[in-house]
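A quick write-up on the structure given underneath.
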Amino acid sequence: MPSVAVLGTGRMGAPIARNLKRAGFPVTVWNRTVAKARALQDDGIEVALTPAQAASGADVLVTMLADGPSTEQAMLGDAGALDALPAEAVWIQMGTIGIDWTQRLAARAAERTLAFVDAPVSGSDGPARDAQLLILASGADELQERVEPLFGAVGRRTLWVGPAGGGSALKLVLNAWLAAITQAAAEGVALAETLGLDPQVFTQTLADLPLGAPYAVAKANAMIERQFEPGFALALAHKDVALAVAAATERGLRLPLAGVIDGIWGEIIAQGHGGQDVAAAVMTVERDGAETGA
Ligand SMILES: NC(=O)c1ccc[n+]([C@@H]2O[C@H](COP(=O)([O-])OP(=O)(O)OC[C@H]3O[C@@H](n4cnc5c(N)ncnc54)[C@H](OP(=O)(O)O)[C@@H]3O)[C@@H](O)[C@H]2O)c1
């Protein structure tokens with residue numbers, strides 16, 4: 001079995017590493033906060049103290065870090081992984097880092113003639129634990145056979161969408177959609193409460209109609225219950241909206257709704273809510289200056 005190094009053992013990286021190990025791959029992890037990586041040792045996973053140490057000798061390297069800058073730092077910073085990877089290794093980039101960062105990092109891999117697969121995922125921490133992620137993969141066709149066994153260990157399906165960058169593009173479109181339906185859920189809950197309805201009547205009705213995306217219904221129920229324990233942190237969701245707005249703007253496209261969400265989510269993150277679940281978006285909805293979701 002090829003050996004795998006996983007950089008980033010957060011909410012998504014830790015279950016991905018565990019599932020790879022469970023499927024029989026020898027796994028080494030690195031995480032900035034080493035205590036989180038050590039929590040995986042009971043599963044037989046090795047812990048490296050630097051990205052370079054994790055990468056050295058690995059057949060496959062997976063990055064599952066917060067964003068482009070943290071991925072660049074782990075790959076190209078002090079004791080970075082890129083130079084430590086064997087020449088025949090493949091780098092699978094799974095964090096949501098946007099199109100520009102993907103292209104920039106793919107170019108750095110190409111300078112080293114390293115194989116690179118852009119493979120962000122759809123599905124939150126639950127699907128990550130259950131190996132039920134949808135993998136939005138893109139890259140050279142000849143790499144598919146090499147990486148499919150790994151994807152099979154962490155996901156329910158892999159969608160191949162052309163050359164590297166395509167997966168990240170699809171991920172931005174999906175997360176702009178996620179943001180829109182989450183904000184719609186927030187406003188539906190607040191409007192129902194303000195009109196004197198039991199908001200659960202709203203979510204139950206929604207669930208009974210084609211209108212009610214299961215994700216939006218789940219987030220609306222979390223908003224009603226004020227459950228903001230993060231599955232997907234608001235700050236990460238906001239990063240994705242900002243990446244989508246920037247990618248659109250660069251290409252001359254204005255996204256009015258995503259632009260508004262970018263601004264109002266930024267405001268509640270500045271108030272300290274970035275570490276809460278994206279359901280905390282309900283705090284953007286105010287009545288007479290008072291948050292309905294606080
Ligand atoms: N959660 C979801 O539902 C979900 C679903 C699909 C895709 N994603 C994407 O997957 C990626 C990971 O998300 P997550 O939910 O696992 O996030 P998370 O739990 O917050 O983990 C983030 C990871 O990035 C590391 N990190 C952050 N800033 C860093 C820096 N400056 N230098 C080095 N490491 C840094 C963290 O290290 P520390 O532990 O030291 O902080 C941690 O390993 C993100 O791009 C996210 O948008 C998330």
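In each ligand, atom 1 is the first atom listed, and ligand 1 is the first ligand listed.
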**Prompt:** Given Asp67 and Lys239, is the salt bridge (Lys or Arg N to Asp or Glu O under 4.0 Å) satisfied, shown in steps?
**Reply:** CA-CA 8 Å; Asp67 53 17; Lys239 159 200 57 108; over 6 Å; no
**Asked** Are any of the side-chain heavy atoms of Leu170 and Leu159 separated by less than 4.5 Å?
**Response** yes
**Asked** Which residue pairs satisfy the side chain to side chain donor-acceptor pair (under 3.5 Å) criterion with at least one member in residues 163-179, sequence neighbours excluded?
**Response** Thr102-Ser168, Asp118-Ser168, Lys171-Asn175, Asn175-Asp240
**Request:** Kindly indicate, with the supporting measurements, whether the criterion side chain to side chain donor-acceptor pair (under 3.5 Å) is fulfilled by Gln271 and Glu267.
**Result:** CA-CA 7 Å; Gln271 292 163 15; Glu267 286 168 22; 5.7 Å; no
**Asked** Given the rule in the salt bridge (Lys or Arg N to Asp or Glu O under 4.0 Å) test, do Lys219 and Asp277 qualify, once you have shown the distances and angles that lead to the verdict?
**Response** CA-CA 9 Å; Lys219 289 302 164 190; Asp277 189 72; 2.8 Å; yes
**Item:** Contact partition for Ile97 relative to ligand 1, non-hydrogen atoms under 4.0 Å
**Value:** neither
**Message:** Geometry only, no angles: is Asn31 polar-contacting ligand 1 at N/O separations under 3.5 Å?
**Reply:** yes
**Prompt:** Given Lys36, His238, Met12, which has its nearest heavy atom closest to atom 16 (O) of ligand 1?
**Reply:** Met12
**Message:** Quick one: does any side-chain atom of Arg251 pair with a main-chain N or O of Ala247 as donor and acceptor, under 3.5 Å?
**Reply:** yes
**Prompt:** With a 4.0 Å cut-off on heavy atoms, is Met64 touching ligand 1?
**Reply:** yes
**Request:** Identify the protein heavy atom lying closest to atom 21 (O) of ligand 1, giving its residue, its atom name and the separation to 0.1 Å.
**Result:** Gly10 CA, 3.5 Å
**Item:** Nearest atoms (heavy-atom pairs only) where Leu85 meets Ala55
**Value:** CD2-O, 3.6 Å
**Asked** Can you list the atoms of ligand 1 that are under 4.0 Å from a heavy atom of Gly8?
**Response** 43 (O)
**Item:** N/O separation below 3.5 Å, Met94 to ligand 1
**Value:** no
**Item:** Those atoms of ligand 1 less than 4.0 Å from some heavy atom in Ser70
**Value:** 28 (N), 29 (C), 30 (C), 31 (N), 32 (N), 35 (C)
**Heavy atoms of other groups near Glu229 CD, more than 12 under 6.0 Å** = no
**Message:** Which residue and atom name correspond to the protein heavy atom nearest atom 17 (O) of ligand 1, and how close is it?
**Reply:** Leu236 CD1, 3.3 Å
**Message:** If only side-chain N and O atoms count, and only distance matters, is there a donor-acceptor pair under 3.5 Å linking Thr63 with Trp91?
**Reply:** yes
**Prompt:** Tell me, which protein residue and heavy-atom name are nearest atom 2 (C) of ligand 1, and how many Å apart are they?
**Reply:** Phe232 CD1, 3.4 Å
**Item:** Close side-chain approach of Val6 and Phe25, heavy atoms under 4.5 Å
**Value:** no
**Request:** Using non-hydrogen atoms of the residue, decide whether Gly231 is closer than 4.0 angstrom to ligand 1.
**Result:** yes
**Request:** May I ask you to test the Asp262-Leu255 pair for a side-chain heavy-atom distance under 4.5 Å?
**Result:** no
**Asked** Nearest protein heavy-atom contact for atom 9 (C) of ligand 1: which residue, which atom, what distance?
**Response** Thr96 OG1, 3.5 Å
**Item:** Heavy-atom nearest neighbour of atom 29 (C) of ligand 1 within options Arg11, Arg32, Gln93
**Value:** Arg32
**Request:** Check whether any side-chain heavy atom of Leu40 sits under 4.5 Å from a side-chain heavy atom of Val47, and report yes or no.
**Result:** no
**Complete:** Check: of Ala66, Gly95, Gly123, min heavy-atom distance to atom 44 (C) of ligand 1 comes from Ala66
**Asked** What protein heavy atom sits nearest atom 38 (P) of ligand 1, and how far away is it?
**Response** Thr33 OG1, 3.4 Å
**Asked** Looking only at N/O atoms, are Asp67 and ligand 1 under 3.5 Å apart anywhere?
**Response** no
**Item:** Nonpolar side-chain network containing Leu195, other nodes, edges under 4.5 Å
**Value:** Leu191
**Within-cut-off N or O pair, Leu65 and ligand 1, under 3.5 Å** = yes
**Request:** Just go through Ser124, Pro120, Gly13, Pro69 and tell me whose heavy atom is the nearest to atom 3 (O) of ligand 1.
**Result:** Ser124
**Item:** Numbering as shown, the atoms of ligand 1 that approach Thr9 to under 4.0 Å (heavy-atom distance)
**Value:** 43 (O)
**Asked** Using heavy atoms and a threshold below 4.0 Å, how should the contact between Lys171 and ligand 1 be classified: side chain, backbone, both, or neither?
**Response** side chain
**Request:** With heavy atoms of Val121 as the reference, note each atom of ligand 1 found under 4.0 Å away.
**Result:** 6 (C), 7 (C)
**Request:** Please confirm whether Lys239 comes within less than 3.5 Å of ligand 1 when only nitrogen or oxygen atoms on both sides are compared.
**Result:** yes
